Amino acid sequence: MEKQRIATLTLDDGRKLEMPILSGTLGPDVIDIRNLSKLGVFTYDPAFFATASCTSTITFIDGDAGLLYYRGYPIEQLAEKSSFLEVCYLLLNGELPSDEQRTKFVKRVTEHTMVHEQLARFFSGFRRDAHPMAVMVGVVGALSAFYHDSLDITDPDHRDISAMRLIAKVPTIAAMAHKYYTGAPFMYPKNKFSYVENFLYMMFATPADEYVPNPILVRALERIFILHADHEQNASTSTVRLAGSSGANPFACIASGIATLWGPAHGGANEAALMMLEEIGDISRVPEYVQGVKDKKYKLMGFGHRVYKNMDPRASVMRETCYEVLKELKLENNKLFELAMALEKTALSDPYFIERKLYPNVDFYSGIVLRALGIPTNMFTVIFAVARTIGWISQWNEMMGEADHKIGRPRQLYQGSVKRDYPAKGKR
Ligand code: CMC
C-alpha cells in the first residue's frame, strides 16, 4: 500500500499539525486541512484561489494546458460528435448512453417540457421590460411550489425526476421569458422537435405561421449548449452546492445558480461583451478602448478567466463555430463582427494581455454567434443558464448522493470593532 503523504504546518509558536496530501485522478494534489481548527486557526482564501471545496467526478479543467473534460471526454470531441442531450446523460450518469438508454432519456426529457398552466401566470407579475434573467430567477424558483410529490432530496428517484423536470422545463421558461418581454404569445413545446429545435421553436415561432428550424442555427446552438453544460466548481455551481448543502430543494438551488450566473464576471459576460462592442461602435476606436482597459478604467468583457491561463478550449471551438456561422450567414463584412475580430486581434498581440495570459473566453465568441443567429442580447445569459442547468443539477445530485455531506459553512477573518458598550443617546 502506498504511504500516505503528509504536509506539516508549523505555527510561529512552534505548534505543528500534520495534514494528509490527497491526490485526484488528474490535477494538482490537495492538502486536507480539515483538522486545522484543532489548532484554533483557519485558512484565509476569500475568492477561493487555492481552495478545493468538494470532491467531484464530473468535470476536469487544466487551466494551464487549456483542457476541459466532461467525465473524462475532451470537450472538443463532445462538441464535434455528441448532442446536448447525450452530454446531459453523460454528466448526470457518468457514462455515455447506449442507443436504448439515449432513446429512453430523450423521450423522458421530451415528455416533461410543458409547464403547469398556473406557472404561466407568474409572468404577468413582472413588468414587460423586466430582464429575462430576473424572470428566470423568479419563475425557476417558483417550480419549487409545484412538485411536492418529489421533493425528498434523500431519495435518488425524487432527485432523478427533479433533474428531468429541470432539464426539460428550463428551456420552456426561458422561451416564455422572451415571449413575455416582446409581448408575443407563449408557444407550447412540440414533441416532434429535438431539444434545441424545440427551444428555437418556442422562442421564435408564432401561432400565425409555420416554423421550420434553420439547421445552421440548430447546430450552432447545440454546440453552445454542449460547451456551456458544466465547468466544475465555478461561482454559480458552488452557489448551487452551498444552497443544496442546507437541504434546500433542487428548484430553489438552481434558482440560486441562475442568480449567480447573471453577474457580468460570470455568465453575464456574453451580454456585456456585446454591449461593449456596441459601445466601441467602430474599428477606429479599438486602440483607444484598449488603452482604457490598460489604464484600468474598465475590463475587456469576454476576456480572461480565473482558471484558464491559456486559450479556453471552449473558446477555441466557439471561435471556429463563430467563423463558420458568420461565413454561412454571409455576415463577415458586418460592422459589429469586423470590430469584434479587430478587438480579438489587438488583444491577442498586446503585451498587457499576453503578460497577464488574458485570452478571449467562450463568452466573447458565443455572444457574437448568438447575435449572428438573431438571439436578442438580453437572452444571451438566459441561454447560458439553459445549458448550465444540467451541470448544476449533476453537481447537486453528486453532492446529495454522498453519504457524509454536511452543510457548507465558511469561516471569516473578523476585522470589525472589538467589544464595546452601548452608548447613551446623547453620547453617539
Ligand atoms: N480585461 C482587462 N484586464 C483584465 C481582465 C479583462 N477582462 N481580466 C483580468 N484582467 C487583469 C486584472 O486587472 C489583473 O491585472 P493586474 O495584475 O494588473 O492587477 C489581472 O488581469 C488578473 O486578473 P484578476 O482580476 O485577478 O483575475 P480573476 O481570476 O479574479 O478574474 C475574471 C477572472 C473572469 C472575473 C476576469 O478575467 C474578468 O472580469 N473578465 C471579464 C469578464 C468575463 O469575460 N467573464 C467570463 C468568464 S468565462 C465564462 C464563465 O465561466 O462564466
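Everything quoted here is computed from the prediction, not taken from an experiment. Order of listing sets the numbers, starting from 1, for every ligand and every atom in it.
Within the 4.0 Å heavy-atom cutoff, N234 does not count among the residues contacting ligand 1. Using a 4.0 angstrom heavy-atom cutoff, P264 counts as in contact with ligand 1. Under the 4.0 angstrom criterion for non-hydrogen atoms, K294 is not in contact with ligand 1. Heavy-atom distances between Y298 and ligand 1 stay at or above 4.0 Å for every pair.
The nearest heavy-atom contact from the protein to atom 2 (C) of ligand 1 is V293 CG1, 3.4 Å. At the top of the distance list for atom 43 (C) of ligand 1, counting protein heavy atoms only, stands A269 CB, 3.5 Å. Protein heavy atom closest to atom 21 (O) of ligand 1, with residue, atom name and distance, is R356 CD, 3.4 Å. Here the heavy atom of the protein found nearest to atom 50 (C) of ligand 1 is H266 ND1, 3.6 Å. When hydrogens are left out, the protein atom nearest atom 9 (C) of ligand 1 is L358 CD2, 3.4 Å; that is the closest non-hydrogen contact.
In this comparison of M301, K296, H305, the heavy atom closest to atom 51 (O) of ligand 1 sits on H305. Comparing E355, K357, K299 against atom 36 (C) of ligand 1, the shortest heavy-atom distance belongs to K299. Nearest-heavy-atom check against atom 49 (C) of ligand 1 across D312, D363, N361 picks out D363. Proximity annotation for atom 3 (N) of ligand 1: of Y359, F384, Y352, F303, Y352 comes nearest, heavy atoms only. Residue nearest to atom 45 (N) of ligand 1, selected from S236, A265, A272, G263: A265 (by heavy-atom distance).
Interface atoms of ligand 1 facing G302, defined by a heavy-atom separation under 4.0 Å, are 43 (C), 44 (O). Residue contact check: G267 has heavy atoms under 4.0 Å from atoms 52 (O) of ligand 1.
Shown are F84, F105, Y89; of these, the ring pair (Phe, Tyr, Trp, His ring centres under 6.0 Å) with Y195 is made only by F84. Each of Y359, F380, F303 was compared with F364 under the ring pair (Phe, Tyr, Trp, His ring centres under 6.0 Å) criterion, and only F303 meets it.
Ring planes of Y147 and F251: tilted class, angle from 30 to 60°. Taking the six-membered ring where the residue is Trp, H228 and F384 present perpendicular rings, their angle passing 60° and hence far from 30°.
Between the side chains of T381 and W262, no donor-acceptor pair is found at a separation under 3.5 Å. For the 3.5 Å distance criterion, the side chains of E86 and S82 qualify, holding a donor opposite an acceptor. Inspection of the R241 and S53 side chains reveals no N or O donor paired with an N or O acceptor under 3.5 Å. Side-chain N/O atoms of S236 and N234 include a donor and acceptor closer than 3.5 Å.
Distance screen at 4.0 Å: atom 26 (O) of ligand 1 has no protein heavy-atom neighbour inside the cut-off. For atom 31 (O) of ligand 1, the nearest protein heavy atom lies 4.0 Å or farther away. In this structure, atom 17 (O) of ligand 1 has protein heavy atoms in its sub-4.0 angstrom surroundings. Under the 4.0 Å distance rule, the nearest protein heavy atom to atom 23 (O) of ligand 1 falls outside the cut-off.
For F126 and Y180, the distance between ring centers is not under 6.0 angstrom. Checked against a 6.0 Å centroid threshold, the rings of H231 and H266 do not count as neighbours.
Not a single N or O atom of V362, backbone or side chain, sits closer than 3.5 Å to an N or O atom of ligand 1.
When non-hydrogen atoms are compared, ligand 1 lies under 4.0 Å from the backbone of L300 as well as from its side chain. By the criterion of a heavy-atom distance under 4.0 Å, both the backbone and the side chain of R306 are placed next to ligand 1.
Cation-pi geometry between R356 and Y352 is satisfied (NZ or CZ under 6.0 Å from the ring centre, within 45° of the ring normal).
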May I have the list of side-chain donor-acceptor pairs in residues 197-204 shorter than 3.5 Å, sequence neighbours left out?
| from | atom 1 | to | atom 2 | distance (Å) |
| --- | --- | --- | --- | --- |
| E197 | OE1 | S194 | N | 2.9 |
| N198 | OD1 | K190 | N | 2.9 |

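Side-chain N or O atoms of R306 include one that pairs as donor or acceptor with a backbone N or O of A47 at under 3.5 Å.
We find that D152 and R159 are not joined by a salt bridge, their nearest charged nitrogen and carboxylate oxygen being 4.0 Å or further apart.
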